[in-house]
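Notes follow once the structure below has been shown.
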Amino acid sequence: MASVHHSDFLVLGSGLAGLSYALRAAEKGRVIILTKREASESNTIYAQGGIAGVLSPKDSIQSHVEDTLNAGAGLCRRDVVEGVVAESAAAIQDMIRLGVRFTHREDRPEQLDLTREGGHSQRRIAHAGDITGREIERALLQAARGHPNITLLENMAAIDLIVSFKLGIEGPIECFGCYALEKAGGRVHTFLAGATLLATGGAGKVYLYTTNPDIATGDGIAMAYRAGASVSNLEFMQFHPTCLFHPHAKSFLISEALRGEGGVLRRKDGEAFMARVHPMKDLAPRDIVARAIDAELKRTGDDCVFLDMTHLEASFLRERFPNIHETCLRFGVDMTRQPIPVVPAAHYLCGGVRTSESGATDVRRLFAAGEVACTGLHGANRLASNSLLEAAVFGRRAAEKSISLLDTPVMFPPIPGWDPGSAVMPDEMVVVTQNWEEVRRLMWNYVGIVRSDRRLTRAKRRIELLREEIKQYYWDFLVTADLIELRNIATVAELIIESALMRRESRGLHYSIDCPDHDSRSRPRDTVLRKEVEVRHPPPDIQRLMGERRGE
Ligand code: FAD
Ligand code: SIN
């Protein structure tokens with residue numbers, strides 16, 4: 001039987017943002033975490049390079065702030081950047097307190113080993129070898145599993161948020177929780193809470209080639225948009241310059257830390273092309289490196305470029321990058337002796353659900369933190385290793401704000417169970433697979449690293465047709481995990497296209513051959529999309545119950 005579950009705090013997602021929130025909120029109330037696969041599966045667990053913070057006496061808050069602002073190409077919110085950077089050392093200390101084991105220097109074991117990545121003027125990235133995310137996820141998940149106030153439900157996929165206008169309630173939109181699909185058995189449960197956090201991560205799977213795992217289907221962005229929350233800056237999809245190029249290596253990232261330790265990008269003929277592109281050469285901000293590779297590939301017709309580490313000591317490479325070294329070896333590439341073939345791939349969505357500096361969205365009792373959110377930290381291009389930092393800081397801030405809501409208890413209206421309509425089991429899964437493939441290929445070909453009005457307009461026409469097809473299929477058939485994700489990637493794809501068409505300039509990660517320059521006439525602006533919502537009148541039995549509650 002599907003059932004109704006109550007908690008003080010409801011968390012959707014068990015990556016760094018969700019776990020940071022849960023661990024803080026659990027000090028004050030009961031927390032339920034829903035996660036759509038096994039708990040550790042997230043973008044967090046695949047993070048390699050590390051987490052940025054001001055951790056060395058040679059570094060300064062000002063320097064980290066300036067690097068973040070430079071990468072963000074005029075669109076970061078300075079107050080947010082300054083606040084997050086100021087909290088960076090404490091956030092990293094907090095992780096250490098929770099049991100995260102970062103790598104320490106061999107010569108000075110009392111100090112963290114700090115590495116460097118693109119766009120950083122200092123070594124300021126704390127890491128755990130080249131499996132930083134795995135170590136963070138391990139420690140935080142262990143802490144959450146051991147906490148008496150936290151219930152973690154795996155294989156439970158949030159379908160939609162429960163919001164006031166869908167229950168016939170007028171006025172500012174308020175969130176009461178969500179409906180979620182229990183994968184085993186296909187039952188839909190109702191989860192109600194005083195505060196709901198979206199921590200569902202990114203949307204790399206909207207693109208055909210991505211460094212992201214399968215969970216990254218933009219569910220939180222799509223749910224928030226349907227619930228009437230504002231989403232912002234979705235045109236800024238960050239393409240990581242170096243994903244391993246191999247037909248069987250599914251989305252394996254070659255960390256930017258390799259370039260931080262001296263790696264050089266070369267064309268097939270050996271030319272180190274970044275030297276003529278940017279003064280920071282291979283450590284230029286990511287948008288510039290990805291675009292330079294894209295241009296080289298288009299010009300030469302080559303399939304990939306190469307990351308050359310062969311001038312560095314083999315023993316150093318094996319020790320510093322054991323996971324990358326071993327994985328490359330499995331695919332027949334010995335990075336100590338031969339350059340690694342690499343291509344760009346969709347990596348990180350800088351835009352997302354628009355939030356305040358405390359992680360609040362414009363829907364009451366709904367918060368967002370981590371990659372799903374747009375907080376103003378990244379602007380038009382995220383600085384490497386600032387996203388783990390953002391997830392930790394905003395996870396905690398959103399928890400603090402949610403705790404303050406406990407003082408005013410929620411008056412839950414009567415909430416109907418999930419309405420499956422006239423649904424029957426789909427008989428042709430091939431339709432779903434075909435739609436998935438089509439959306440992702442369309443986005444890669446028409447809404448990729450370099451864009452044009454013509455390609456974007458074509459993409460818009462095509463996605464509108466696909467949306468209609470998917471909508472029909474979705475409402476005609478029983479809800480399944482695949483259908484939830486398909487519907488969400490189509491929504492997010494459409495929102496990305498819409499946002500890209502709205503931006504009449506090139507800035508940061510959005511580059512259009514039709515508007516190649518910054519728009520210097522006006523102050524840089526965010527693109528913002530918000531759905532017009534209609535108050536939906538509930539069925540008569542629910543209306544009667546609501547009337548009784550109001551004493552009518
Ligand atoms: P995630 O860690 O992605 O967690 C999202 C969670 O939500 C998952 O548990 C997922 O299953 C769940 N979920 C999604 N949809 C639903 C739903 N409908 N219902 C229920 N649960 C749902 N950043 C850095 O700062 N430094 C790095 O070195 C770095 N390296 C990276 C390397 C790779 C290969 C990748 C892919 C990313 C990297 N990033 C890095 C980015 C960073 O890892 C992410 O931005 C960050 O971990 C996001 O954390 P999160 O908690 O917001 O989301
Ligand atoms: C990497 O290790 O190159 C990824 C770092 C990031 O995405 O911040």
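Numbering of ligands and ligand atoms starts at 1, following listing order.
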Tell me which protein heavy atom sits closest to [atom], plus the residue, atom name and distance to 0.1 Å.
atom: atom 15 (N) of ligand 1; answer: Asp219 OD2, 3.3 Å
atom: atom 1 (P) of ligand 1; answer: Asn43 N, 3.5 Å
atom: atom 42 (C) of ligand 1; answer: Ser387 OG, 3.7 Å
atom: atom 3 (O) of ligand 2; answer: Glu256 N, 2.6 Å
atom: atom 53 (O) of ligand 1; answer: Gly201 CA, 3.3 Å
atom: atom 19 (N) of ligand 1; answer: Ala158 N, 2.9 Å
atom: atom 34 (C) of ligand 1; answer: Tyr46 O, 3.5 Å
atom: atom 2 (O) of ligand 2; answer: Ser255 OG, 2.7 Å
atom: atom 12 (C) of ligand 1; answer: Gly13 CA, 3.6 Å

Looking only at heavy atoms, what is the nearest atom pair of [X] and [Y], with distance?
X: Gly129; Y: Arg320; answer: O-NH1, 3.4 Å
X: Leu244; Y: Ala249; answer: CD2-CB, 3.7 Å
X: Gly260; Y: Leu283; answer: N-CD2, 3.8 Å

For [X], take its heavy atoms, then give the atoms of ligand 2 lying under 4.0 Å from any of them.
X: Ala384; result: 8 (O)
X: Ser385; result: 6 (C), 8 (O)
X: His240; result: 1 (C), 3 (O), 4 (C)
X: Gly49; result: 2 (O)

*Heavy-atom gap Gln238 to ligand 2 smaller than 4.0 Å*: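 Gln238 does not count as a contact of ligand 2 under the 4.0 Å cut-off.
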
*Would you say Leu253 contacts ligand 2, with heavy atoms under 4.0 Å as the rule?*
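Leu253: in contact with ligand 2 (<4.0 Å).
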
Contacting atoms of ligand 1, where contact means under 4.0 angstrom from a heavy atom of [X]:
X: Thr211; result: 34 (C), 36 (C)
X: Leu34; result: 20 (C), 21 (N)
X: Ile215; result: 3 (O), 10 (C), 11 (O)
X: Gly370; result: 52 (O)

*Give the intermediate values and the outcome of side chain to side chain donor-acceptor pair (under 3.5 Å) for residues Arg138 and Gln142.*
CA-CA 6 Å; Arg138 179 201 64 74; Gln142 189 174 324; 3.2 Å; yes

Please confirm whether [X] comes within less than 3.5 Å of ligand 1 when only nitrogen or oxygen atoms on both sides are compared.
X: Gly202; result: no
X: Ala17; result: yes
X: Ala157; result: no

_Below 4.0 Å from ligand 1: does a non-hydrogen atom of Glu137 turn up there or not?_
no

*Would you say Leu16 touches ligand 1, if touching means a heavy atom closer than 4.0 Å?*
yes

*Between His5 and His189, what is the ring plane arrangement, given parallel below 30°, perpendicular above 60°, and tilted in between?*
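Judged by the thresholds at 30° and 60°, the geometry between His5 and His189 is tilted.
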
*asked:* Side chain, backbone, both or neither: which applies to Ala52 and ligand 1 if a contact is any heavy-atom pair less than 4.0 Å apart?
replied: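 None of Ala52 does.
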
*Between Arg382 and ligand 1, find which residue part has any heavy-atom pair under 4.0 Å and reply side chain, backbone, both or neither.*
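It is the side chain that touches ligand 1; the backbone stays farther off.
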
Considering [options], which one's heavy-atom position lies nearest to [atom]?
atom: atom 2 (O) of ligand 1; options: Leu388, Thr44, Asn488; result: Thr44
atom: atom 26 (N) of ligand 1; options: Ser255, Ala216, Gly49, Gly50; result: Gly50
atom: atom 21 (N) of ligand 1; options: Lys36, Glu38, Glu390, Glu371; result: Lys36
atom: atom 33 (C) of ligand 1; options: Gln48, Glu256, Glu41, His347; result: His347
atom: atom 29 (C) of ligand 1; options: Cys178, Ala47, Ala481; result: Ala47
atom: atom 14 (C) of ligand 1; options: Thr132, Asn212, Thr200; result: Thr200
atom: atom 1 (C) of ligand 2; options: Arg259, Arg382, Glu117; result: Glu117

*Taking the six-membered ring of Phe394 as reference, does the NZ or CZ atom of Arg397 fall below 6.0 Å from its centre and within a 45° cone about the axis?*
yes

*Under the criterion side chain to side chain contact (heavy atoms under 4.5 Å, CB included), which of Arg123, Glu256, Arg124, Arg259 is the partner of Arg116?*
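Of Arg123, Glu256, Arg124, Arg259, side chain to side chain contact (heavy atoms under 4.5 Å, CB included) with Arg116 is met by Arg123 alone.
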
*Pick out which of Leu366, Val363, Leu10 makes a side chain to side chain contact (heavy atoms under 4.5 Å, CB included) with Leu161.*
Leu366

_Sole residue of Lys183, Lys36, Arg37, Arg145 in salt bridge (charged side-chain N to carboxylate O under 4.0 Å, His left out) with Glu154_ =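 When salt bridge (charged side-chain N to carboxylate O under 4.0 Å, His left out) is applied between Glu154 and each of Lys183, Lys36, Arg37, Arg145, only Arg145 qualifies.
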
Enter the distance from [X]:[atom1] to [Y]:[atom2] here, rounded to the nearest 0.5 Å.
X: Met280; Y: His120; atom1: CE; atom2: NE2; result: 9.0 Å
X: Phe245; Y: Ile254; atom1: CZ; atom2: CD1; result: 13.0 Å
X: Ser3; Y: Glu182; atom1: OG; atom2: CD; result: 8.0 Å

*May I ask you to check if ligand 2 and Asn386 share an N or O to N or O distance below 3.5 Å?*
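N/O-N/O distance below 3.5 Å does not exist for this pair.
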
*Just heavy atoms, cut-off under 4.0 Å: does Arg286 contact ligand 2 by side chain, backbone, both, or neither?*
side chain

So, do [X] and [Y] sit near enough that their side-chain heavy atoms are less than 4.5 Å apart?
X: Phe102; Y: Val100; answer: yes
X: Arg440; Y: Tyr207; answer: no
X: Phe252; Y: Arg330; answer: no
X: Ser255; Y: Asp130; answer: no

*asked:* If you apply the rule side chain to side chain donor-acceptor pair (under 3.5 Å), what do you find for Asp287 with Gln238, and how did you get there?
replied: CA-CA 7 Å; Asp287 55 328; Gln238 183 171 72; over 6 Å; no

_Just to verify, which of His240, His378, Arg286 counts as forming a side-chain hydrogen bond (donor to acceptor under 3.5 Å, both in side chains) with Tyr348?_
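With Tyr348 as partner, side-chain hydrogen bond (donor to acceptor under 3.5 Å, both in side chains) holds for just one option, His378.
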
_For the backbone of Arg101 and the side chain of Glu135, can you confirm whether one donor and one acceptor N or O come within less than 3.5 Å of each other?_
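Judged by distance alone, yes, a pair lies under 3.5 Å.
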
*Mind running side-chain contact (heavy atoms from CB on, under 4.5 Å) on Glu357 and Thr375 for me, showing each step along the way?*
CA-CA 7 Å; Glu357 64 290 344; Thr375 63; over 6 Å; no

